[in-house]
Amino acid sequence: MRLSELEAVVESLLFISGEAVPLSAIAQTIEMDKATAKAIIHTLADKYEDEKRGVRIVELEGAYQMCTAAECFEYIRNMYKSPNRQGLTQALLETLAIVAYKQPITRAQIEEIRGVSAEHAVSKLVEKKLVCEVGRMDTPGKPIMFGTTNEFLRYFGFKSVTELPPLEDAADHEGKNENYVIEE
Amino acid sequence: MRLSELEAVVESLLFISGEAVPLSAIAQTIEMDKATAKAIIHTLADKYEDEKRGVRIVELEGAYQMCTAAECFEYIRNMYKSPNRQGLTQALLETLAIVAYKQPITRAQIEEIRGVSAEHAVSKLVEKKLVCEVGRMDTPGKPIMFGTTNEFLRYFGFKSVTELPPLEDAADHEGKNENYVIEE
Amino acid sequence: MEHITIRLDAFEGPLALLYHLIEKNEIDIYDIPIARLTDQYLEYLDAAEDTDMDGMSEFLVMAATLLEIKSKLLLPKTKTEEEEGPDPREELVLRLLEYKKIKGVTHEWRQWEEEAALVFYKEADDAVKQLKSKEPQVLEEFLQGITMEDLYLAFQQVMNRKETKVDQVRSSFKTVPKDLFTVHEKMEYIRDMLILQPKATFYSIFRANARRMEKVVTFLALLELIKRKEVQISQKMNFGEITISRYDGRD
């Protein structure tokens with residue numbers, strides 16, 4: 001199979017999927033190793049970008065998803081009459097940032113940082129699928145720990161939680177918690 | 001707005017819709033008359049075709065839909081149809097036949113006959129309750145022996161396994177090469 | 001303080017209020033004039049109008065903390081400076097710094113949020129959902145109508161294959177793949193194809209490397225689907241391309 005054919009296959013896979021497709025799934029489907037699959041995806045993504053196409057490919061934690069180009073936003077919105085997206089409130093934004101940088105984190109730990117109850121904010125973020133339960137802490141009461149989702153990455157256009165813009169004073173990472181168990 | 005930009009807009013509209021979009025809706029969105037809109041869509045469709053891309057645009061009674069290219073169909077199907085989702089595959093059919101005729105039989109013996117691993121096939125047939133454990137062979141390691149189930153008999157309408165078509169008739173069927181089944 | 005009404009709910013919490021005061025007064029966070037800050041903080045609480053007790057309690061806890069720190073600092077020092085314990089302000093400073101970092105980053109995030117809002121992602125197509133949820137549940141469906149005879153033929157085939165395997169002369173020939181395709185399988189194949197694309201050309205339903213038998217079975221499957229009124233075919237002109245699409249209820 002020629003490279004251009006593989007590129008077409010990757011294009012069709014990304015087009016048809018309504019979610020981010022893991023690199024491994026793409027590699028397996030086109031029967032290539034991950035490095036080759038990745039190169040093909042990136043070639044395609046670059047082509048979209050260079051040719052200023054109506055679609056783009058974004059990376060989300062080692063998975064890939066096709067989306068519309070930002071330049072086409074107004075038109076799509078007009079056709080679907082979709083309302084402007086309401087931004088998050090400051091409380092939600094702050095809570096979300098805490099979860100993103102400190103994950104996995106419990107509600108009590110969030111409250112400690114913000115100094116206010118996080119009950120409403122956390123449940124709101126879970127409802128918006130920006131945050132989800134990722135396990136339970138191995139301490140008395142086994143409190144739920146939260147982490148960010150792929151929807152969170154899409155919401156801000158981040159590639160991965162490891163590539164978030166650094167906190168102003170991010171040198172100290174003592175906040176990392178390692179005594180938790182991931183729930184299946 | 002330049003033509004290539006309109007083309008990108010049309011591309012994004014067709015991508016995001018997922019279903020057929022009426023020509024009139026596209027024309028209205030890009031603020032062009034229908035003839036122009038149609039020309040842009042056809043240019044895009046031709047481009048996809050000429051470049052043998054993974055997506056195509058099809059026309060359906062005055063509406064347009066983006067869909068995957070037929071050449072990519074096999075791959076898409078493979079990605080979404082894992083083997084355990086499929087029905088009776090050749091491997092399963094053969095394994096079932098061997099168990100039916102050679103029971104009680106161990107997995108190693110099945111593998112001996114088919115020349116390939118029978119692990120997946122046997123466990124799938126057990127899961128579907130067509131085959132079950134019937135005892136253990138009195139050899140080192142005491143391997144499990146498999147046989148057909150009552151479900152199997154019920155489905156094929158036999159009272160007992162002794163009523164399977166006899167092997168001697170093999171020659172009669174040899175020439176027919178009827179290795180396909182026509183359904184009722 | 002002037003006659004202005006303060007709404008505490010404008011502040012996301014006591015830390016936010018404290019942080020606001022520090023910013024407003026250009027206070028050095030590492031050397032907080034705790035007495036002044038405490039006074040201002042309390043003034044804000046006084047000015048706050050009709051705040052419900054629930055929302056208020058968190059602010060009051062902070063007020064207590066501030067007062068405690070203030071009183072500790074006011075206590076006469078009985079020891080030399082070296083022996084002095086940790087600065088009572090330290091914990092508060094650490095919390096404020098932590099909060100400042102988060103607050104700082106959210107400014108940047110606002111921009112990202114706006115930019116990312118310009119991009120749309122497609123919902124999972126029904127097509128994909130249909131392709132995915134196809135595990136046959138019923139045994140009858142799983143077995144696809146095979147008969148005892150099919151089973152018998154399959155067995156025959158396997159045994160023959162096994163015998164030829166030891167045949168040195170024959171095994172040196174190129175092996176001919178003996179694929180078994182059922183009409184049922186091919187009907188499913190065509191159905192799946194029409195899930196992904198509203199119409200398919202006649203030629204596209206045959207796999208690129210299909211052998212004769214597979215093509216025959218595929219064709220039989222197409223005929224069966226037409227008979228069952230699941231698909232329809234059309235041809236715009238004589239010798240033109242034949243198009244296959246889902247049956248739309250019209251004849």
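Throughout, a chain's letter reflects where its sequence line sits, starting with A, and its residues are numbered from 1. Not measured: the values here are computed from a predicted model.
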- ring pair (Phe, Tyr, Trp, His ring centres under 6.0 Å) contacts in which one or both residues fall within residues 104-150 of chain A, not counting sequence neighbours: none
- Stepwise side-chain contact (heavy atoms from CB on, under 4.5 Å) check, Thr95(B) with Val131(B): CA-CA 10 Å; Thr95(B) 308; Val131(B) 156; over 6 Å; no
- Salt-bridged, Arg114(A) to Glu94(A), with N to O below 4.0 Å? yes
- Query: How would you list, by chain and number, every residue that makes a ring pair (Phe, Tyr, Trp, His ring centres under 6.0 Å) with Phe73(B), sequence neighbours excluded?
  - Reply: Tyr189(C)
- Task: Could you tell me whether Arg77(B) and Glu74(B) have a side-chain N and a carboxylate O separated by less than 4.0 Å?
- Result: no
- Message: Between Val21(A) and chain B, with a heavy-atom cut-off of 4.5 Å, which part of the residue counts as in contact: side chain, backbone, both or neither?
- Response: side chain
- Query: Closest approach of Leu23(A) and Lys38(A), non-hydrogen atoms and distance?
  - Reply: CD1-N, 3.7 Å
- Query: If you count heavy-atom pairs under 4.5 Å with chain B, which of Thr29(A), Ile76(A), Leu14(A) comes out on top?
  - Reply: Thr29(A)
- Toward chain A: residues of residues 134-143 of chain B with heavy atoms under 4.5 Å: none
- Option that, when pairs with chain B are counted at under 4.5 Å, heavy atom only, ranks first among Gln28(A), Glu11(A), Glu51(A): Glu11(A)
- Item | Pairs satisfying ring pair (Phe, Tyr, Trp, His ring centres under 6.0 Å), at least one member in residues 28-58 of chain B, at least two apart | His42(B)-Tyr64(B)
